[in-house]
Structures are given as C-alpha cells and as structure tokens.
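Take a look at the structure below.
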Amino acid sequence: MAKASRTFVCQSCGAVTPRWAGRCESCGEWNTIVEEAGTTGGVGAGPAAKALKGKGRTIELVEMSGESADPPRYESGMGEFDRVTGGGLVPGSALLIGGDPGIGKSTLLLQVMAALAARGQSVVYISGEEAIAQVRMRARRLGLAEAPVQLGAETNLKDIIGTLENGTAPDAVVIDSIQTMWTETLDSAPGTVAQVRASAQELVRFAKKRNTAVILVGHVTKEGQIAGPRVVEHMVDAVIYFEGERGHQFRILRAVKNRFGPANEIGVFEMGEKGLGEVPNPSALFLGERDGGTSGSSVFAGIEGTRPVLVEIQALTAQSTLGTPRRAVVGWDSGRLSMVLAVLEARCGLSLAGQDVYLNVAGGLRINEPAADLAVAAALISSITGKPLPENCVIFGEISLSGAVRPVSQMDARLKEAEKLGFSRAILPAGAARTRGPAALTFTEISDLAGLIAKLAAGGDKGSGGRRAADM
Ligand code: TYD
Ligand code: MG
C-alpha cells in the first residue's frame, strides 16, 4: 500500500530514513540527509511509479557476437601503472585514485603525466592543494622539470572546466584532489559530501563530453574509504587505491573497480630519492628481507590480480597479560585470523586462549585471498612450537571450518613462481596440483589442518636443513 509520506535520503550512501537526522546511521556521514519528494510504499521502496502511458520507442538489439573496436588507450610506458589501468588510460573515462595523505599520489600522478607528455599526449595537472611553486619543486626533485605538463593551481571548478573547455581539450587531466574542489552552485564548504559529489559529477560529464581521460585524486578516511560520498565510486569508470605502510618504501597500486580492465590487478612501486620506481618482480623484493630459519614465518604463494606474488607471513604468539588477549593483524583480515585460530582450537586442540597473537604480512602488502589460510596457520603453529618451517618452502590452501584444507585457484601459476625464485618445496592442498606442478618442487599434500600440525612436528625433528625427507 503506497501512502503519501516524507522521505529522507542520505546523499552519500542512498539510505532512506523516515525522519531527518544530522548524521546518517548507515554510513556515518554528517549533514547528508535531505528530504526527497514523492510517495513511498515504505522504507527503501522508492517513489511509486506512475503507470506508463503509450508505447515506448523500439530500441535496436544486436547480436552478442558482433565486432566492436577495443577502446583506444594512452599508455604511459610505466608498466606497473599501465597494467593496473588495464593497458593505459581510456579517453573519455574517469578514474579515481584514493590513498592516505602522504602515500605518494601526487608524486605518482606527476610521474605518469610527465610520461604521457613525453609520449606526445597533451596533459594538464590541476593542484588544489599545492601552489605552483611546490609542484615545480617536486617536479625538479623527480627530474621532470622540463616535462611538457601544463600546471594549474585552482579549486574553483567552474574556472577549471571553463579553462579546459577553452580551445582543444587535453588528452588527460589530473584533479588533485577532488576534496578541494568547489562549485558556486552549492552553499556548502569544499570537502563536504555535496561539493565532492557535485564536482565529481561535473568532471565526469566533462570527461565524456570532450573525450578526455580525467583522473581524480581522493583522500581516504581512517576507515579506509575514499572520503566523501560513496557515489563518487559509482560515477567513475575505475577506482584505484594506492596503499602501503608509511615506514616501508613499497607502494601498491590496486584496481578495486575497472570497467576497462581486470579488477584486483596490482602494480608495485618503491618510493625512493627520485620518486616512485617500478618493481617489476615484487616477489623477490617482498622476500628480500627474510631471514630464514626463524620460527613463526612462512612464505605464502599468492595471486594478486593476474600475477603470482610470494610474500612472507610472520606470526608471533606470546603469553598475554591482559584479560582479553590481543589480536593484532597487519595486511590481512582480522576476522579471517579469528577463524583460523578457532579452527586450530576446535579441530586440532591447539589453544591460544591465553596468548596474544600478532600477524604481519611483510613488505606492506595487503592480502585478501582465503588461500593464505594455510600459510597463516603454518606461521602460527611454527610460532607456538618454536620450530621453523622447512627451508625454501612455499605454502597455500584454504581452510574450511571443519578443518579440511581446500584446493585453491591457479595452483600452477603459484608453483611456477616459487620454482622461478628458487624454492624447492611446497605445502599444498591434497589432490589437485600433483599432476601438473613443476617437477623441480617437492610436494607435501595436506588434507586437513591436523595433518599439517603432524607433518610440521615430524619435519622439524629431521635435521636442521629440513631437506632430507622427500615427503616433508
Ligand atoms: P605525495 O605525493 O605528496 O603524497 P600524497 O599526494 O599522496 O599526499 O608524497 C609525499 C611523500 O613522498 C613525502 O612524505 C615525501 C615522499 N617523497 C619521497 O620519498 N621521494 C620523492 O622523490 C618525493 C617526490 C616524495
Ligand atoms: Mg598530494
């Protein structure tokens, strides 16, 4: 039953509430709730639709199998950046790059723009945060002072778009950052949800209209979301995060949404004296700092996007002095850690109730794969028992709540990467890989978590090299 009622809609997340509030309960944003006209049939139902009058126009339907040209691309020549964007910037597309302040977004984009300019593209860099002198200083430091990049320092969106529309539109534009932009049509201050949304909308429209690739820089809140309305993420064609631990030199560019390429693809960079350098072989770097022979460390053979990446997982367990023991995780999901701990306790009788547990993914990488379960469990078991894992060994597998170890995707690619980097053995889920894995590796197949504990206990006793028994 539709009844006439007032509806209030959060302009950030779209949540519908029956009454106005200063703060949206669903996304936590302030001053985003606005009354919207229309009758509703209850919360979430939206305005009641009027019956359609007359016939609609007939649209042309085509076969799926038809030919359509791939979108053209502006390649920057920075392989790691091009990979994450799916092969370069697409003209007329809008891209959002989010990241913590100081992580290196401006540095990256200045380098990308300079690379594009060097390849003959016309590019514009608009900074709303820094003065021209600051941008120039950074360019000098990066050795890019002579790059044919047009600079602007402005926050008034009308002036920016007016300037860009004057004459031929550039091939690519960077807006650094979207939170500093404001338009006169709204009363609210720059950085507010309404301003960010309106500015983004205007810039996306400009991108489509003039066939320019527009890159928006977005700051990230403490919760890790791009500040401002979530709707900006829906408006753009690609959302890319630039992440990394501040103390580490590694920076990871990760596509979380991409209409023109694979999502979840990563690019790895290293922040140095002369800006960001590409890291074409991240495994070697992530493992470079490893000191073998210590307990509580395992090497996970993971897949990031389309690429295999080997990374060290470190665990530390220590007697807790607190009523509720600490569970601290860097680079992995804490809920997933709790699950692995629960399975260890319930299925294997390995209790960590009175222990603080620390888990760290080395190098500042963030892992999202369930395939890391087994590597995490191995690192934990190794920390508890004080026995190092076998040397030169990679490990992967998903753990189910029953304690069973499940096969994971792309096992071949994982094993090939391990072989390439000089690993000699692999602990992996039972069954699947045997037939096709590279011959140079020794496999230890695990069908459940208790089996892993037994194998590790047995293996650790045999010689310090851990190389002897072929079955371990
Ligand atoms: P910046 O690009 O300004 O970060 P964001 O735009 O994401 O806020 O990067 C700032 C940091 O990068 C700053 O702490 C200094 C460091 N940095 C280097 O280490 N080397 C360099 O060559 C440059 C330009 C910056
Ligand atoms: Mg910046």
Side-chain angles (χ1 to χ4, degrees), residues 1-50 93-101 105 128-129 155-158 161 175-208 214-243 254-259 263 333 335:
M1 270 296 288
K3 67 174 192 292
S5 71
R6 304 206 301 165
T7 331
F8 296 86
V9 180
C10 171
Q11 301 299 300
S12 172
C13 69
V16 182
T17 61
R19 65 188 68 80
W20 189 87
R23 182 167 192 248
C24 172
E25 281 193 1
S26 126
C27 69
E29 292 284 354
W30 287 92
N31 298 325
T32 55
I33 295 187
V34 173
E35 181 174 357
E36 285 193 0
T39 57
T40 72
V43 172
K50 292 196 190 82
S93 73
L95 193 143
L96 180 66
I97 292 196
D100 290 326
K105 300 181 294 296
E129 299 189 336
T155 55
N156 184 334
L157 197 73
K158 193 169 136 201
I161 293 203
I175 303 291
D176 187 0
S177 65
I178 187 68
Q179 275 93 2
T180 55
M181 296 297 137
W182 63 281
T183 125
E184 292 153 4
T185 51
L186 297 173
D187 294 333
S188 39
T192 53
V193 168
Q195 284 284 7
V196 170
R197 187 162 106 128
S199 305
Q201 222 157 24
E202 203 60 49
L203 287 160
V204 170
R205 197 176 310 141
F206 167 78
K208 308 279 174 230
V214 172
I215 302 180
L216 308 177
V217 174
H219 290 299
V220 161
T221 59
K222 274 203 220 75
E223 294 81 42
Q225 241 105 41
I226 290 176
R230 202 76 55 77
V231 285
V232 173
E233 297 198 7
H234 300 305
M235 273 185 234
V236 295
D237 299 298
V239 179
I240 293 179
Y241 278 88
F242 202 35
E243 5 172 274
R254 184 192 298 275
V256 293
K257 157 182 168 178
N258 194 351
R259 288 185 184 146
D333 182 30

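Note: hydrogens, waters and symmetry copies are ignored here, and every other heavy atom, side chains too, is used.
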| query | Is Trp20 reaching over with its side chain to a backbone N or O of Ile33, donor-acceptor style, under 3.5 angstrom? | reply | yes
How close do [X] and [Y] get, counting heavy atoms only, and between which atoms?
X      : Y      : result
Ile175 : Met181 : CG2-CE, 3.6 Å
Ala198 : Leu186 : CB-CD1, 3.6 Å
Val236 : Ala94  : CB-O, 3.5 Å
Lys105 : His219 : NZ-ND1, 3.9 Å
Glu202 : Ile161 : CG-CD1, 3.5 Å

| task | Tell me, please, which residues at least two apart from Ser177 pass side chain to side chain donor-acceptor pair (under 3.5 Å). | result |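 Only Glu129 meet the side chain to side chain donor-acceptor pair (under 3.5 Å) criterion with Ser177.
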| Contacts of type side chain to side chain donor-acceptor pair (under 3.5 Å), residue Thr180, not counting sequence neighbours |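 Checked Thr180 against side chain to side chain donor-acceptor pair (under 3.5 Å); zero matches.
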Does [X] reach the side chain of [Y], with side-chain heavy atoms less than 4.5 Å apart?
X      : Y      : answer
Ser26  : Cys10  : no
Asn156 : Trp182 : yes
Leu203 : Met235 : no
Val232 : Ile178 : no

| Separation of Arg254 CZ from Ile240 CD1 (nearest 0.5 Å) |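 Rounded to the nearest 0.5 Å, the CD1-CZ separation comes to 12.0 Å.
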| What's the spacing between Thr155 OG1 and Gln179 CD if we round to 0.5 Å? | 13.0 Å
| In terms of side-chain geometry, is the basic nitrogen of Lys158 or Glu184 positioned less than 4.0 Å from the acidic oxygen of its partner? | yes
| field | Residues which pass salt bridge (charged side-chain N to carboxylate O under 4.0 Å, His left out) with Arg23, listed by chain and number, not counting sequence neighbours | value |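 Testing Arg23 for salt bridge (charged side-chain N to carboxylate O under 4.0 Å, His left out), a comparison that skips the adjacent residues, returns none.
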